[in-house]
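Computed over heavy atoms, backbone and side chain alike; hydrogens, waters and symmetry mates excluded. All ligand and atom numbering here is 1-based and tracks the order in the structure.
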Amino acid sequence: MAIRNIREIGDPVLEKNCKEVKEITPRVQELIDDMFDTLYEADGVGLAAPQVGILKKIVVIDTTGDSPIVLINPRVLETSGEQTGYEGCLSVPGKTGQVTRPNYVKVLAYDENMESFELEGTELLARAIMHEMDHLEGHLYVEKVEGELQDIEDAEEE
Ligand code: NI
């Protein structure tokens with residue numbers, strides 16, 4: 001278990017497509033464990049493998065601090081509704097901006113035993129799933145911001 005270095009906007013690794021995970025090797029398991037350590041250390045809600053420099057389709061999410069979710073090779077099955085709200089990213093420190101996302105999403109993914117499962121999320125979880133899945137295709141939320149990308153302190157004063 002270790003904290004990994006979080007890559008920041010401008011790093012080309014954040015703009016690349018990730019590869020599917022074929023099997024859970026000890027190396028992949030270590031990566032997942034490290035991603036959770038890194039997520040909790042940074043006080044984040046989600047982290048995708050390219051954010052620690054690895055181009056694999058792996059996402060970790062925890063919207064409450066005690067509900068860890070791993071999504072391996074996730075695929076969107078269904079979305080509905082709409083929500084607009086502030087979003088941030090550990091790869092874009094100190095910034096925030098308004099992004100519109102589906103309010104509901106259902107995904108198909110694999111867990112750490114490569115068993116497939118479906119996950120449904122609404123509100124913050126739906127937002128986190130969509131945000132992290134964008135990372136797997138080389139996209140950052142800043143591309144989707146409506147209006148200006150703001151400093152977090154300025155946004156909190158509004
Ligand atoms: Ni992000």
Next item on the list: Taking all heavy atoms of Leu149 and all of Gly97, pick out the closest pair and write down the distance.
Entry: CD1-N, 4.4 Å

Checklist line | Backbone N/O of Leu140 and side chain of Glu143: donor-acceptor pair under 3.5 Å | finding: yes

Margin query: Is a donor from one side chain sitting under 3.5 angstrom from an acceptor on the other, for Ser91 and Glu8?
Written below: no

Checklist line | Gln29 side chain to Glu112 side chain, donor-acceptor N/O pair below 3.5 angstrom | finding: yes

Notebook entry, point to check: Around the Ni ion (ligand 1), how many protein N, O or S atoms are there at under 2.8 Å?
Noted result: 3

Next item on the list: Scan residues 96-122 for pairs that pass ring pair (Phe, Tyr, Trp, His ring centres under 6.0 Å), counting only residues two or more places apart or in two chains.
Entry: none

Next item on the list: Verify the ring-centre separation between His139 and His135: is it less than 6.0 angstrom?
Entry: no

